[in-house]
**Student:** 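I'd like to ask you about the structure that follows.
Letters go in sequence order (proteins before strands), and every chain restarts at 1. When reading the values below, keep in mind they use all heavy atoms of this one structure, side chains included, and skip hydrogens, waters and symmetry mates.
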Number of protein chains: 2
Amino acid sequence: MNENEYLKLDNQICFALYVCSKEIIKKYRPLLEPLNLTYTSYIAMLSLWEKDGVTVKELGDTLFLDSGTLTPLLKKLEITGYISRKRDTHDERNLRIYLTEKGKELKVRAEEIPGNLLCSIYTGNYCDSSEMIKLRDTLHKLMRKFLASEKSDKT
Amino acid sequence: MNENEYLKLDNQICFALYVCSKEIIKKYRPLLEPLNLTYTSYIAMLSLWEKDGVTVKELGDTLFLDSGTLTPLLKKLEITGYISRKRDTHDERNLRIYLTEKGKELKVRAEEIPGNLLCSIYTGNYCDSSEMIKLRDTLHKLMRKFLASEKSDKT
DNA sequence: TTAATTAAAATTGCATACAATTTAATTGTA
DNA sequence: TACAATTAAATTGTATGCAATTTTAATTAA
C-alpha cells in the first residue's frame with residue numbers, strides 16, 4: 001500500500017466500524033420503540049438483566065460509557081419505571097441501580113429482539129454465521145485492548 | 001446457544017462494533033485536534049480529498065450521513081477555510097462542496113495520521129495485520145448490505 | 001484529627017446523529 | 001402551461017457521547 005492509499009476511506013477500519021455500528025443501531029429502532037427503549041438504554045438493560053445492584057461506575061465500565069452519558073439515561077429509565085436508583089448506604093458516593101419488577105418483566109419481551117435483528121442483517125448470502133462469530137471475536141480482542149490502554153492512561 | 005444466551009451483552013455483535021468504533025474515534029482526537037478536525041469532519045475531508053465538487057447528497061451517500069448532520073458540519077469546515085459551498089448553476093437544489101487551497105494543503109499534514117493511529121491499536125500482540133484486513137473485509141460486506149437495504153426501503 | 005487527596009456522580013458545554021418536517025427548485029404530466 | 005409529485009438542503013427536536021469541571025463523600029497523610 002503506497003503513501004496515498006492510507007488516506008483512502010475504504011482503507012479506514014474505523015470508518016467501517018463506525019458505519020456498521022450506526023446502521024445496525026438504526027435497525028434496532030423499530031424493534032426497541034415498542035419497549036420504550038433507545039439503543040443505549042437497551043444495552044444498559046441487557047447489562048442489568050445479567051447483573052443488577054451495580055454502581056453507575058461499574059455499569060459504565062461494562063458499557064464503555066461515562067457518568068455524563070449514564071446519569072441522564074438512568075434518570076429516564078427510572079421515570080419509565082424499569083429501574084430504581086439508590087445511594088449505597090455504606091458509601092454515599094456510589095449510586096446503585098436496581099431493576100424494578102417492570103424492568104425484570106421487560107426481559108421476556110426483549111427476548112425476541114436479537115433474533116429479529118439478526119434476520120435483517122444475516123439474510124442474503126453476504127455473511128454467514130461463522131464469519132460473524134469471527135468478527136465478534138476480533139472485536140472482543142480489540143475491546144480488551146481498549147480496557148488495557150484505559151488502565152495505563154490512569155498511571 | 002440457548003434462549004437466555006441471546007440477550008447476553010457479550011453475544012451482541014452490534015455492541016462490540018459500537019464500542020470499538022467509539023474507542024478508536026477517541027484515539028483520533030489528539031491526532032486531529034492540531035488540524036482543527038473532529039472525527040466526522042476528518043472523514044468528510046478524506047472523502048473530499050478523493051473527490052471534491054460533489055453534492056451534499058453524494059457526500060452523504062459516501063459517509064452514510066444525512067443533511068441534518070452534514071449541513072452544520074460543512075458550514076463549520078467552510079468557516080475554518082477548508083472547503084467552499086456553492087449552489088450548482090444547473091440545478092440550484094444541489095450544493096456542491098469544493099476544497100480550498102488550504103483544504104488541499106491539509107492533506108499533507110493528515111498523511112501521518114493513519115500510521116500514528118494504527119500504532120495505538122496494533123501494538124501488542126492482540127491483533128495482527130491479516131486479522132485487521134479480514135475484519136475490514138467483513139465490515140465492507142455488511143456495508144454493502146446496508147446500501148442494498150436502503151435502496152429497497154425507498155421502493 | 002484535620003487538611004489534602006482521591007473517588008463517584010452530576011453538571012456543563014460542545015459536537016454529533018438522525019427522524020421528521022419545511023423550504024425551494026425541478027420534473028413529470030394532464 | 002399549470003400543478004402535482006419528487007428531490008435536495010436546511011431546519012427542528014430529541015438523544016446521545018464525551019471532555020472538563022463541580023459537588024459531595026470517603027480516604028489518606030501529615
**Student:** Could you tell me how far apart Tyr39(A) (OH) and dC18(C) (C1') are, to the nearest whole angstrom?
**Tutor:** 17 Å
**Student:** Can you measure Arg85(B) atom CZ to dA8(D) atom C1' for me and round it to whole angstrom units?
**Tutor:**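 It works out to 13 Å between those atoms.
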**Student:** End-to-end bend of the helix from dT1(C)-dA30(D) to dA30(C)-dT1(D) (five-pair axes, 10° rounding)?
**Tutor:**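 The value is 0°.
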**Student:** Specify the separation, in whole Å, of atom CG of Asn36(B) and atom C1' of dC14(C).
**Tutor:**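 Value for this atom pair: 15 Å.
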**Student:** From dA9(C), dT7(D), dT24(D), pick the nucleotide closest to the side chain of Arg93(A)?
**Tutor:**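 Out of dA9(C), dT7(D), dT24(D), the nucleotide with an atom closest to Arg93(A)'s side chain is dT24(D).
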**Student:** Would you mind checking if Lys51(B) and Glu58(B) are paired as a salt bridge, meaning a charged N to carboxylate O distance below 4.0 Å?
**Tutor:** no
**Student:** Apply the test side-chain contact (heavy atoms from CB on, under 4.5 Å) to residues Phe15(B) and Leu63(A): give CA-CA distance (whole Å), side-chain angles for both, the deciding distance (0.1 Å), then the verdict.
**Tutor:** CA-CA 9 Å; Phe15(B) 175 65; Leu63(A) 301 179; 4.3 Å; yes
**Student:** Considering only heavy atoms from C-beta outward, does the side chain of Asn116(B) approach that of Ile113(B) to under 4.5 Å?
**Tutor:**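 No. Closest side-chain heavy atoms not under 4.5 Å.
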**Student:** What is the nucleic acid contact for Ile25(A), judged by heavy atoms within less than 4.0 Å: base, sugar-phosphate only, or nothing?
**Tutor:**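 Counting heavy atoms under 4.0 Å across all strands, no contact is made by Ile25(A).
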**Student:** Any side-chain N or O of Tyr18(A) less than 4.0 Å from the OP1 or OP2 oxygen of dT16(C)?
**Tutor:**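 No, no such contact exists.
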**Student:** Could you give the CG-to-C1' distance, from Leu32(B) to dA15(C), as a whole number of Å?
**Tutor:** 14 Å
**Student:** In terms of the angle between their ring planes, are Tyr28(A) and Tyr42(A) parallel, tilted or perpendicular, with boundaries placed at 30° and 60°?
**Tutor:**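 Rings of Tyr28(A) and Tyr42(A): tilted, as their planes differ by 30° to 60°.
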**Student:** If you pin Thr38(B) and Gly68(A) to their nearest nucleotides in DNA chain C, which one's is more 5'?
**Tutor:** Gly68(A)
**Student:** Answer yes or no: is there an ion pair linking Glu5(B) with Lys8(B), defined by an N-O contact shorter than 4.0 Å?
**Tutor:** yes
**Student:** For Ile97(B) and dA10(D), give me the distance from atom CD1 to atom C1', rounded to whole Å.
**Tutor:** 13 Å
**Student:** Checking all strands, does Thr40(A) fall into the base, sugar-phosphate, or nothing category for heavy-atom contacts under 4.0 angstrom?
**Tutor:**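 The residue Thr40(A) makes sugar-phosphate contact but no base contact.
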**Student:** Looking at every non-hydrogen atom in both residues, tell me the closest pair between Ser47(B) and Leu9(A) and how far apart they are.
**Tutor:**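 The pair with the smallest heavy-atom distance is CB-CD2, 4.1 Å.
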**Student:** Looking at side-chain heavy atoms only, is the closest gap between Leu142(A) and Leu135(B) below 4.5 Å?
**Tutor:** yes
**Student:** If each of Leu73(A) and Glu92(A) is mapped to the nucleotide of DNA chain D with the nearest heavy atom, which maps nearer the 5' terminus, i.e. the 5' end?
**Tutor:**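 Nearest-nucleotide comparison on DNA chain D picks Leu73(A).
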**Student:** Closest nucleotide of DNA chain D for His90(A) versus for Thr55(B): which of these residues is on the 5' side?
**Tutor:** Thr55(B)
**Student:** What integer distance in Å separates Leu37(B):CG from dA15(C):C1'?
**Tutor:** 13 Å
**Student:** Over how many whole Å does the gap from Leu95(A) atom CG to dT11(C) atom C1' extend?
**Tutor:**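 So the two atoms are 15 Å apart, to the nearest Å.
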**Student:** Please determine whether a side-chain nitrogen or oxygen atom of Lys75(B) lies at a distance below 4.0 Å from atom OP1 or OP2 of dT11(D).
**Tutor:** yes
**Student:** Under 4.0 Å between a side-chain N or O of Lys57(A) and OP1 or OP2 of dA9(C)?
**Tutor:** no
**Student:** Side-chain donor or acceptor of Ser67(B) under 3.5 Å from a matching atom on the base of dA8(D)?
**Tutor:** no
**Student:** Looking for any heavy atom pair under 4.0 Å, which part of the strands does Leu70(A) touch: base, sugar-phosphate only, or nothing?
**Tutor:** nothing
**Student:** Give me the atom names and distance for the closest heavy-atom approach of Thr138(A) to Met132(B).
**Tutor:**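 Reported closest heavy-atom pair: CG2-CE, 3.9 Å.
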**Student:** For side-chain contact (heavy atoms from CB on, under 4.5 Å), just list the numbers for Met45(A) and Ile83(A), CA-CA rounded to whole Å, side-chain angles, deciding distance to a tenth of an Å, and then say yes or no.
**Tutor:** CA-CA 9 Å; Met45(A) 293 302 288; Ile83(A) 63 161; 4.2 Å; yes
**Student:** Tell me which of Pro72(A) and Lys22(A) sits closer to the 5' end of DNA chain C, going by the nucleotide each one is nearest to.
**Tutor:** Pro72(A)
**Student:** By the 4.0 Å heavy-atom rule, please label Thr69(A) as base, sugar-phosphate, or nothing.
**Tutor:**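 Base, at least one base heavy atom under 4.0 Å.
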**Student:** Tell me the interatomic distance from Leu77(A), atom CG, to dA15(D), atom C1', rounded to whole angstroms.
**Tutor:** 13 Å
**Student:** dG17(D), OP1 or OP2 - any side-chain N/O from Arg29(B) closer than 4.0 Å?
**Tutor:** no
**Student:** NA contact type, Asp66(A), heavy-atom cut-off 4.0 Å: base, sugar-phosphate, or nothing?
**Tutor:**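 Base, at least one base heavy atom under 4.0 Å.
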**Student:** Can you tell me if the side-chain N/O atoms of Asn94(B) get under 4.0 Å from OP1 or OP2 in dA9(D)?
**Tutor:** yes
